[in-house]
Number of protein chains: 2
Amino acid sequence: MAKTITERADILPRLAEIFREYGYEGASLAIIGARTGLGKGSLYHFFPGGKEEMAAAVIDEIGQWFEHRIYEPLRNSADPQAALMSMCDDVSAYFHSGRRICLIGAFALDNVRDRFAARVNDYFAAWRSALADALQRRGDTASRAETLSEDTLIAIQGALVLARALDQPELFQRSMDRIRADLSAQAT
Amino acid sequence: MAKTITERADILPRLAEIFREYGYEGASLAIIGARTGLGKGSLYHFFPGGKEEMAAAVIDEIGQWFEHRIYEPLRNSADPQAALMSMCDDVSAYFHSGRRICLIGAFALDNVRDRFAARVNDYFAAWRSALADALQRRGDTASRAETLSEDTLIAIQGALVLARALDQPELFQRSMDRIRADLSAQAT
DNA sequence: TCAAGATTGTACCGATTAGTACAGGGCTGG
DNA sequence: CCAGCCCTGTACTAATCGGTACAATCTTGA
């Protein structure tokens, strides 16, 4: 049979888009096969654990992307305030200015939540903690950093839900602008 | 066969809980039958349109509950500020202090979104508009009312996502407290 | 009391599901 | 040049999916 020289890592982004579009249950192997161009043989070769392993791998890859691009700079950048602004830009770009949903957030509301609960938890916990770290490093009190990091994540997730529900991506943009402003305000 | 004197309206709350727990696709007719105690015969008697009609009826009922309990007071109450505070209480109770998710929000992120897009849109649009109405009636400018109503809905939905993702219902409570405070702040 | 309509359990349907088995082609190291 | 491993298409399974059909029973109005 034909060999397609595909790496496991190469199909992860495509898998992510599929899960975003159809959800975990809605993404049938037939759809996955059609959209990735891979047959069942290949899919189960790369992911012996089936759909569950595919979704887990996708979540892990997303987590790593955020770790390198968002969390790590928030924790280690010499200029925490700049890292905060950079986070806003990257997040806005990542979610395609509100046209793309957060797969992890969607999984959190889904019935498959229990299956990936640990990963979902880790994703948000790491984000919140990195955010609070940057806020404290820039001078916020621990309590203020706690509240502001929580509110920021809430606003991002809520804006994604509402933008999708109302079919108004610009709503997400507007919310990100407000988040940027809140993160720019002088610390207490 | 046995007659169970069940009204269509009586099973809607139970259906709502099932959809909340399993999602639209995850709620199979087998599960629905088991959890409602109704056989397929009864289910298709009450909902000839099948699962789709069940979900639509559930969304409509939720919409009506919010209309009577939340939107209507926001629009018509003599004391708009009191209606705002009352909304916070009712919303907090409705979502079981963060232990219950918003079915409409979950549907918005789900792949069944397109099927119920109009209803999902209506739910949030009505809420936002009623909220903005109360804010203007209490003295906020149109622009301020627009922003604040949007931010309030974003915070509620985001808090529900995050509380569920982190398995911390108290996070929702904290966020609701902040929302209450923001809605209490003097208008500009 | 009894006919008519409302309600319900059960058997069944074709389609689709995730997953398995495996043969065979393609690539690569020796 | 070829043995062996990596990759992949196909056929298959058992289970479950949403939905239909219908006969049997129950309730109700006359």
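The chains referred to below are lettered A, B, ... by the order of the sequence lines, with proteins before strands, and numbering in each begins at 1.
The separation between B:R8 atom CZ and C:dT8 atom C1' is 17 Å, rounded to whole Å. In this structure, the CG atom of B:L38 is 17 Å from the P atom of D:dC26, given to the nearest Å.
Atom CZ of B:R128 sits about 6.5 Å away from atom CG of A:L162, to the nearest 0.5 Å. Atom-to-atom distance recorded for B:I156:CD1 and B:C88:SG is 6.5 Å, nearest 0.5 angstrom.
Between A:F95 and A:F172, the ring-plane angle classifies as perpendicular under the 30° and 60° cut-offs. A:W127 and A:Y123 have perpendicular rings, their planes meeting at more than 60° on a 0 to 90° scale where under 30° would count as parallel.
Sorted by first and then second residue, the ring pair (Phe, Tyr, Trp, His ring centres under 6.0 Å) pairs with a member in residues 30-51 of chain A form an empty list; sequence neighbours excluded. Among residues at least two apart or in separate chains, ring pair (Phe, Tyr, Trp, His ring centres under 6.0 Å) pairs with a member in residues 99-122 of chain B are B:Y24-B:F116, B:F107-B:F116.
Direction of the helix axis in the helix from C:dT1-D:dA30 to C:dG30-D:dC1 shifts by 10° between the two five-pair termini, rounded to 10°.
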Practice task
Starting from the C-alpha separation in whole Å, work towards a yes-or-no answer on side chain to side chain contact (heavy atoms under 4.5 Å, CB included) for A:L103 and A:V58.
Solution key: CA-CA 9 Å; A:L103 184 60; A:V58 163; 3.6 Å; yes
Practice task
Could you go through the side chain to side chain donor-acceptor pair (under 3.5 Å) check for B:E72 and B:N76 one step at a time?
Solution key: CA-CA 6 Å; B:E72 201 272 333; B:N76 302 329; 2.7 Å; yes
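Shown here are the salt bridge (charged side-chain N to carboxylate O under 4.0 Å, His left out) partners of A:R113, two or more places apart in sequence or in another chain: there are none.
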Protein-nucleotides 16-19 of chain C N/O pairs closer than 3.5 Å?
from: C:dT17; atom 1: OP1; to: A:S28; atom 2: OG; distance (Å): 3.2
from: C:dA18; atom 1: OP1; to: A:K51; atom 2: NZ; distance (Å): 2.9
from: C:dA18; atom 1: OP2; to: A:L29; atom 2: N; distance (Å): 2.7
from: C:dG19; atom 1: OP2; to: A:Y44; atom 2: OH; distance (Å): 2.9
from: C:dG19; atom 1: OP2; to: A:K51; atom 2: N; distance (Å): 3.3
from: C:dG19; atom 1: O5'; to: A:Y44; atom 2: OH; distance (Å): 3.2
from: C:dG19; atom 1: N7; to: A:K40; atom 2: NZ; distance (Å): 2.9
from: C:dG19; atom 1: O6; to: A:K40; atom 2: NZ; distance (Å): 2.2

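The cluster map of Ile, Leu, Val, Met, Phe, Trp and Tyr, joined by side-chain heavy atoms under 4.5 Å apart, puts B:I101 and B:V120 in different clusters.
For DNA chain C, no neighbouring residue in residues 12-23 of chain A is found when judged by any heavy atom under 4.0 Å.
In this model, the phosphate group of C:dT8 is not approached by any side-chain N or O of B:H45 to a distance below 4.0 Å at OP1 or OP2.
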